[in-house]
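Contents: one structure, followed by commentary.
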There are 2 protein chains.
Amino acid sequence: MKKYCFGVDVGGTTIKIGFFKTDGTLLDKWEIKTNTENFGEGILGDICEALESKLVKEGIGLDELEGIGIGLPGPVLDDGTVLQCVNLGWGTFNVEEKLSAMFHDIKVKAGNDANVAALGENWKGGGKNYHDIVMITLGTGVGGGVIINNKILTGYNGGAGEIGHMHMNDEETELCGCGRKGCLEQYASATGVVRLAKRYMAQNNEPTKMKDFGEDITAKDVFDLAKEGDAGAEAVVNQMGNYLGKAMSHIAVTVNPQAFIIGGGVSKAGQYLIDAIKVIYRETCFSACGDAAVHLAELGNDAGMYGAAALVVKY
Amino acid sequence: MKKYCFGVDVGGTTIKIGFFKTDGTLLDKWEIKTNTENFGEGILGDICEALESKLVKEGIGLDELEGIGIGLPGPVLDDGTVLQCVNLGWGTFNVEEKLSAMFHDIKVKAGNDANVAALGENWKGGGKNYHDIVMITLGTGVGGGVIINNKILTGYNGGAGEIGHMHMNDEETELCGCGRKGCLEQYASATGVVRLAKRYMAQNNEPTKMKDFGEDITAKDVFDLAKEGDAGAEAVVNQMGNYLGKAMSHIAVTVNPQAFIIGGGVSKAGQYLIDAIKVIYRETCFSACGDAAVHLAELGNDAGMYGAAALVVKY
């Protein structure tokens with residue numbers, strides 16, 4: 001194993017780049033803009049330029065570079081084929097081969113961003129003491145990644161860990177972004193918690209401080225109020241925890257992980273959130289699979305960079 | 001790879017033994033009784049005796065035997081440790097090491113029976129054209145096995161694929177055998193279908209031929225009547241398909257298999273059953289994971305033997 005590697009986390013707006021030692025030490029990190037013009041044709045070139053500059057600046061030769069890991073916002077197959085990255089404007093091609101050809105034929109490993117974040121938490125974050133984890137990222141949407149024996153479970157067409165779209169509610173009337181109704185994401189994401197809060201306020205006359213926030217209420221407001229004992233906010237958190245805890249029990253009887261790692265913006269609610277979901281998970285799950293640890297993620301927005309670097313080191 | 005192997009499928013009542021070529025050709029099969037007396041202490045000895053006799057009879061030497069695969073009715077870890085086989089009276093020990101020590105130090109590989117049946121269908125049955133499958137066995141209970149890259153996904157404590165105990169219904173009032181309420185097994189097993197049928201008859205006054213069978217109605221009766229167009233029986237099949245199809249969509253967004261293979265006694269209902277569950281699975285599942293094929297199992301009660309033999313060949 002050579003001494004250095006890059007971990008690159010490509011999002012629709014920014015590209016996060018981490019310069020790592022292959023032992024997992026983050027030496028430097030920075031961001032560049034994601035240029036999605038002309039179907040994102042400049043993205044890989046921009047990345048190459050950024051990495052090249054860094055190597056020159058640090059005086060590090062290619063013979064000291066193990067490779068480049070890259071996380072992408074779309075399905076990525078085990079052979080490095082991206083099926084579509086709508087947010088980048090990309091179609092279907094082998095990103096590993098292409099980036100390698102553009103950057104001195106160096107080793108390149110690619111993965112889906114949610115899966116790669118899970119690998120990062122497994123390598124150096126909240127899941128580092130486990131070999132089988134499921135990471136659940138509660139952000140604007142709900143993402144997931146399944147790690148078995150310290151490697152990503154990709155699935156047949158890159159769809160493993162797409163747990164944000166687990167169908168949790170037959171009664172839902174509003175559409176999820178995916179076109180279905182009743183997806184986990186509609187209840188457990190930041191926007192989902194806000195939806196539940198607004199629904200609660202519309203359907204209940206009991207006093208709740210949530211009403212002081214009106215239309216601008218955020219998931220953080222809901223959790224803050226719940227922690228203060230506001231009954232309405234507690235009810236909303238319980239609803240959210242109910243959906244998420246049950247989804248975790250579905251996942252657990254399927255892949256039986258050692259630990260769930262909860263990340264994303266909503267997870268800033270901390271141990272209070274963990275306790276809310278753990279109760280339902282343990283209550284509804286078959287006992288043999290119901291004892292997985294439930295931890296907060298630890299790497300925040302850097303999880304994708306870490307995981308991308310881990311792709312190089314572990315694969 | 002040597003020429004022959006044994007696949008042994010240990011149940012609580014009988015032990016099925018298959019004598020295979022390592023290319024998957026079944027040469028002979030027979031059964032012996034499972035002696036559960038004294039905590040099942042005689043079981044491994046009985047198996048050794050049966051295998052030894054067979055080798056002698058066929059004039060085959062140990063140098064031609066690749067090994068013994070064994071499927072067991074309880075959790076089995078990747079290292080061959082059985083955690084508990086309640087139906088056999090067994091506690092926790094390494095069955096691979098023990099059986100190998102008892103049988104000429106030959107290679108032994110062990111797995112959970114439901115997982116091993118899935119491996120068998122993947123090797124030579126309904127899943128032979130796929131590398132990532134989930135098998136669902138609809139028998140007295142509901143068992144499951146997850147196969148990724150043609151190998152068993154075991155899970156942290158042997159609980160992967162325990163989908164019979166996926167929590168599907170908050171409103172259930174009766175207990176499942178596992179101690180929880182609302183498990184998939186309570187609706188999709190042979191006994192589950194009978195429960196749904198009896199419930200339907202107790203709650204509906206519309207005429208249905210199911211009533212002619214009274215208390216003795218079987219899952220087969222329900223499917224036969226549904227195929228004839230009996231509205232009550234159709235309603236029961238739809239309920240069952242609703243639970244099972246949704247469970248499949250939960251599984252699909254978690255591990256994203258290429259195919260589901262449906263086996264067990266209830267699967268004798270054939271394509272009619274497949275159609276009933278496929279509709280709901282496709283309707284509720286995130287589109288990227290909703291296109292897995294759904295096939296009937298092909299090996300029947302021999303799946304466990306085939307899978308046990310596959311353990312020797314593939315591991």
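The chains referred to below are lettered A, B, ... by the order of the sequence lines, with proteins before strands, and numbering in each begins at 1. A quick note: this is a predicted structure, and the numbers were derived from the prediction, not measured.
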Is Asn256(B) reaching over with its side chain to a backbone N or O of Gly161(A), donor-acceptor style, under 3.5 angstrom?
-> no
Examine whether an atom of Cys285(A) lies under 4.5 Å from a heavy atom of chain B, and if so say whether it belongs to the side chain, the backbone or both; otherwise answer neither.
-> backbone
For Gly159(B) and Cys289(A) the tightest heavy-atom approach is O-SG, 3.4 Å
Is the number of heavy atoms from other residues, nucleotides or ligands within 6.0 Å of CZ (Phe93(B)) greater than 12?
-> yes
Atom CG of Asp291(B) and atom OH of Tyr156(A): how far apart are they, to the nearest 0.5 Å?
-> 6.0 Å
Between Arg180(A), His131(A), Met166(A), the one whose heavy-atom pairs under 4.5 Å with chain B are most numerous = Arg180(A)
Chain B contact via Asn157(A) - side chain, backbone, both or neither, heavy atoms under 4.5 Å | both
Pairwise distance CD(Glu283(B)) to NZ(Lys181(A)) - rounded to 0.5 angstrom | 11.5 Å
Could you state the interatomic distance from NE2 (His250(B)) to CD1 (Ile251(A)), rounded to the nearest 0.5 Å?
-> 10.0 Å
Output the distance between atom OG (Ser249(A)) and atom NE2 (His165(B)), rounded to the nearest 0.5 Å.
-> 12.5 Å
Taking heavy atoms only and a threshold strictly under 4.5 Å, list by residue number the residues of residues 137-155 of chain A that touch chain B; give 'none' if the list is empty.
-> Val146(A), Ile148(A), Leu153(A), Thr154(A), Gly155(A)
Give a yes or no on this: more than 12 heavy atoms of other residues, nucleotides or ligands lie within 6.0 Å of atom OH of Tyr315(B).
-> yes
